[in-house]
Peer 1: 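Have a look at the structure that comes next, please.
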Amino acid sequence: MLSILIKNANLVNEDKITKTDVLIRDGFIYQVAAGISEEGVDRIIEAEGKYLLPGVIDDQVHFREPGLTHKGEIYTEAKAAVAGGITSYMEMPNTNPPAVTYDKLEEKYKRASDVSLANYSFFMGTTNENIDEVKKVDPKKVCGVKIFMGSSTGNMLVDDKATLEGIFSQVDMLIATHCEDDNMIAENLEKYKEQYGDDIPVKYHPEIRSREACYASSSKAVELAKKHNARLHILHISTKEELDLFDNSIPLKEKRITAEACVHHMWFGKEDYDTKGTHIKWNPAVKEKSDGEAILQAVIDDRIDVIATDHAPHTLEEKDNVYTKAPSGGPLAQHSLQVMLDFYKQGKISLEKIVEKMSHNPAILFEIEKRGYVREGYWADLVLVDMEKPQTVTKENLLYKCGWSPFEGHTFPATVTHTIVSGHIAYEDGKFDESVKGKRLTFER
């Protein structure tokens, strides 16, 4: 592999910003210091005025392969993620067929090893019947187990009480949950269907998939985790009420119950349904602006531990259906770091906190081996950002297979110029080098 020297970067790492050089050899960070000699180095990147961050680790994406590849695939979505500064991702099991057997899970790993430009891991899925398959998973090689405690895209709802008790009591690795109460949602949906039929105004989505449904399910998951001392990670928190379920009085390494915020729940608010319609229909729903503000504050004060995307592409044809037929989810991975840098430019969050929540904390929370920090001896997963180079989101610069974004027309104030994945310059100034693929994440458990 080429040796790479990044010169004069403003390095954002471990709660401080320092001007320094970074030398990369054989895929790893070899030296972090000012004034590193250029002698014998294959490639020099001059980073004067730019900011160097550890690569983003996204703990929740849906890349749609196998079976749903008209929406997205590992190759296309990983490429879009890399352009957005994501160097590692963890992908969800609700594909077709779902990854609910050991063999199906390993097929996804094999596919990623052939085509993924970013580093990768895949969650094992759960059903009401597959606890024996779940137990086959090696915790050192798989990021975690996923439970849909509320049904979303795909038929993977786990609603059997005995099954939930069994998973929480018997699974010895991280359990990630989608938490919404399906019975409450079904009752709400019927009320609106009686009034509007299938063409329900999308502004009622947060009333149908209500805050009460979110809290009921999240609090149930917390109760189960406490009962069995399970390692619980609740995904995509969408309400201010749920924030009371989480603790910021102890270090992340000691937490048994953790939480994730997604960029869309902090960026969009209920009023955006008027202009964006079903394009911002997600599960859980985007709710009030005050919920988004509270979630961002919880990120800052450490009740919420990580920031992710829940990247979940659908085609425009699918999204532009009437309410009951339009699927929930949207493409986000290419722009999540830019969203957070926009918040930084607005004075809402520090660069150090962004790096903590998007790089350091996912590595701590999932116990990822030698990633998430700019440290000598760690894998060289890095992203270089020009904070003074605005970028407008247009259809022409989108890399998602689905070809659209809820951010179209918005100008972000900062641009990703380089993404280095495991020591390989995968993305540079709009161009890709796909000659080296990402690596399977491993875990220190």
Side-chain angles (χ1 to χ4, degrees), residues 27 53-96 99 105-123 141-143 146 262-263 307-315 329-339 358-359 362-363 366 368 371-372 379-384 397-405 416-428 430-442:
L53 325 176
V56 173
I57 302 171
D58 191 335
D59 78 341
Q60 188 189 183
V61 301
H62 302 261
F63 283 176
R64 304 304 192 199
E65 191 171 353
L68 302 166
T69 51
H70 67 286
K71 305 173 192 276
E73 54 188 286
I74 291 170
Y75 170 72
T76 56
E77 308 314 285
K79 201 170 165 183
V82 164
I86 293 169
T87 53
S88 301
Y89 62 83
M90 301 176 209
E91 206 261 356
M92 291 296 164
N94 54 328
T95 46
N96 185 22
L105 183 65
E106 285 302 318
E107 284 175 16
K108 291 175 83 171
Y109 279 104
K110 175 63 174 69
R111 178 64 176 161
S113 72
D114 292 337
V115 301
S116 179
L117 199 55
N119 306 314
Y120 51 88
S121 191
F122 295 89
F123 281 89
K141 293 183 178 179
V142 173
C143 52
K146 172 70 180 286
C262 288
V263 290
I307 297 167
T309 62
D310 194 13
H311 172 88
H314 300 283
T315 66
L332 293 161
Q334 192 178 338
H335 302 103
S336 60
L337 180 56
Q338 286 179 300
V339 167
M358 299 187 87
S359 306
F366 286 89
I368 303 171
R371 300 190 190 272
W379 285 103
D381 293 335
L382 301 163
V383 55
L384 196 60
N397 57 30
L398 291 173
L399 294 160
Y400 311 124
K401 188 171 185 179
C402 67
W404 67 276
S405 164
V416 171
T417 64
H418 298 70
T419 306
I420 298 173
V421 179
S422 299
H424 168 66
I425 304 172
Y427 176 80
E428 180 175 16
K431 296 184 174 65
F432 294 91
D433 180 347
E434 301 179 52
S435 62
V436 179
K437 299 299 183 273
K439 298 186 181 298
R440 182 170 181 163
L441 300 178
T442 54

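If you're wondering where the values come from, they're calculated on a predicted model, not measured in any experiment.
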Peer 1: Just so I know, are the side chains of Asp59 and Met358 near enough to count as touching, which here means a heavy-atom distance under 4.5 Å?
Peer 2: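 Side-chain contact under 4.5 Å: no.
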Peer 1: Using the ring of each side chain (for Trp, its six-membered ring), is Tyr400 parallel, tilted or perpendicular to His311, with breaks at 30° and 60°?
Peer 2: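 The rings of Tyr400 and His311 sit tilted, inter-plane angle from 30° to 60°.
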Peer 1: Return the minimal non-hydrogen interatomic distance between Ala118 and Ala78, and the atom names on each side.
Peer 2: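 Shortest heavy-atom separation between Ala118 and Ala78 comes out as N-CB, 4.3 Å.
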Peer 1: Contact between Ile368 and Ile57 at the side-chain level, heavy atoms closer than 4.5 Å - yes or no?
Peer 2: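 The answer is yes, as the side chains (C-beta and beyond) meet within the 4.5 Å cut-off.
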Peer 1: Would you call Val61 and Met92 a side-chain contact if the rule is heavy atoms closer than 4.5 Å?
Peer 2: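 No, their side chains stay 4.5 Å or more apart.
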Peer 1: For Pro54 and Val383, work out which heavy atoms get closest and say how close.
Peer 2: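 Taking every non-hydrogen atom into account, O-CG1, 3.8 Å.
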Peer 1: Hey, does the Lys NZ or Arg CZ of Lys439 hover above the aromatic six-ring of Tyr120, less than 6.0 Å from the centre and inside 45° of the axis?
Peer 2: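 No; the conditions do not both hold, so Lys439 does not lie above the ring face of Tyr120.
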Peer 1: Could you check whether Phe63 and Tyr75 have their ring centres less than 6.0 Å apart?
Peer 2: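 Aromatic pair excluded; centres sit 6.0 Å or further apart.
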Peer 1: Looking only at heavy atoms, what is the nearest atom pair of Val82 and Ala426, with distance?
Peer 2: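 Between these two residues, the closest heavy atoms are CG1-CB, 3.9 Å.
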Peer 1: Rounded to the nearest 0.5 Å, what separation is found between the CG atom of Leu337 and the CG atom of Asp58?
Peer 2: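 Between atom CG of Leu337 and atom CG of Asp58 there are 11.0 Å.
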Peer 1: Does the side chain to side chain contact (heavy atoms under 4.5 Å, CB included) test come out yes or no for Thr76 and Leu399, once each step is laid out?
Peer 2: CA-CA 7 Å; Thr76 56; Leu399 294 160; over 6 Å; no
Peer 1: Grab the two heavy atoms, one from Tyr109 and one from Lys141, that are nearest each other, plus how far apart they are.
Peer 2: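 Heavy atoms only, the tightest pair is OH-O, 3.4 Å.
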Peer 1: Test side chain to side chain contact (heavy atoms under 4.5 Å, CB included) on Thr69 and Arg64 and set out the steps.
Peer 2: CA-CA 6 Å; Thr69 51; Arg64 304 304 192 199; 5.7 Å; no
Peer 1: Check this for me, if you would: do Glu91 and Lys108 make a salt bridge, where the nitrogen-to-carboxylate-oxygen distance has to be below 4.0 angstrom?
Peer 2: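 Lys108 and Glu91: salt-bridged.
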Peer 1: Find out whether Val142 and Arg440 are in side-chain contact, i.e. whether some heavy atom of one side chain is under 4.5 Å from a heavy atom of the other.
Peer 2: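 Yes. Closest side-chain heavy atoms under 4.5 Å.
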Peer 1: Contact between Ile420 and Asp381 at the side-chain level, heavy atoms closer than 4.5 Å - yes or no?
Peer 2: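 Contact flag for Ile420/Asp381 side chains = no.
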Peer 1: Where do Asp433 and Glu428 land on the side chain to side chain contact (heavy atoms under 4.5 Å, CB included) test, with the steps shown first?
Peer 2: CA-CA 8 Å; Asp433 180 347; Glu428 180 175 16; over 6 Å; no
Peer 1: Could you walk me through whether Ser422 and Arg371 pass the side chain to side chain donor-acceptor pair (under 3.5 Å) test, one step at a time?
Peer 2: CA-CA 9 Å; Ser422 299; Arg371 300 190 190 272; 3.1 Å; yes
Peer 1: Look only at the side chain of Ser359 and the backbone of Gly55, and say whether a donor-acceptor pair between them is shorter than 3.5 Å.
Peer 2: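 Yes: the side chain of Ser359 pairs with the backbone of Gly55.
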Peer 1: Side chains of Gln60 and Thr309, heavy atoms from C-beta outward: is any pair under 4.5 Å?
Peer 2: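 The answer is no, as the side chains (C-beta and beyond) never meet within the 4.5 Å cut-off.
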Peer 1: When rounded to the nearest 0.5 angstrom, what distance separates NE2 in His62 from CG in Asn94?
Peer 2: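 Here the interatomic distance stands at 5.0 Å.
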Peer 1: Rounded to the nearest 0.5 Å, how far apart are CD of Gln334 and OG of Ser405?
Peer 2: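 Rounded to the nearest 0.5 Å, the CD-OG separation comes out at 7.5 Å.
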Peer 1: Rounded to the nearest 0.5 Å, what's the gap from OG on Ser121 to CE on Met90? Could you check?
Peer 2: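 Answer rounded to 0.5 Å: 6.5 Å.
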Peer 1: Does any part of the side chain of Tyr89, heavy atoms only, come nearer than 4.5 Å to the side chain of Ser116, both counted from C-beta?
Peer 2: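 A side-chain contact under 4.5 Å exists here.
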Peer 1: Classify the ring geometry between Phe432 and Tyr427 as parallel (under 30°), tilted (30 to 60°) or perpendicular (over 60°).
Peer 2: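 Rings of Phe432 and Tyr427: tilted, as their planes differ by 30° to 60°.
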Peer 1: Do any N or O atoms from the side chain of Thr419 and from the backbone of Ala83 form a donor-acceptor pair under 3.5 angstrom?
Peer 2: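 Between the backbone of Ala83 and the side chain of Thr419 there is no qualifying donor-acceptor contact (under 3.5 Å).
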Peer 1: CH2/Trp379 to OG/Ser88 distance, rounded to the nearest 0.5 angstrom?
Peer 2: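 With rounding to 0.5 Å, CH2 (Trp379) is 10.5 Å from OG (Ser88).
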Peer 1: Nearest 0.5 Å, what's the CG-OG1 distance between Leu441 and Thr87?
Peer 2: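 The distance works out to 8.5 Å.
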Peer 1: Is a salt bridge present between Glu77 and Lys401, judged by a nitrogen-to-oxygen distance below 4.0 Å?
Peer 2: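 No salt bridge links Glu77 with Lys401.
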Peer 1: Does any non-hydrogen side-chain atom of Phe122 lie less than 4.5 Å from one of Ile74?
Peer 2: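 Of all side-chain heavy-atom pairs linking Phe122 with Ile74, at least one is under 4.5 Å.
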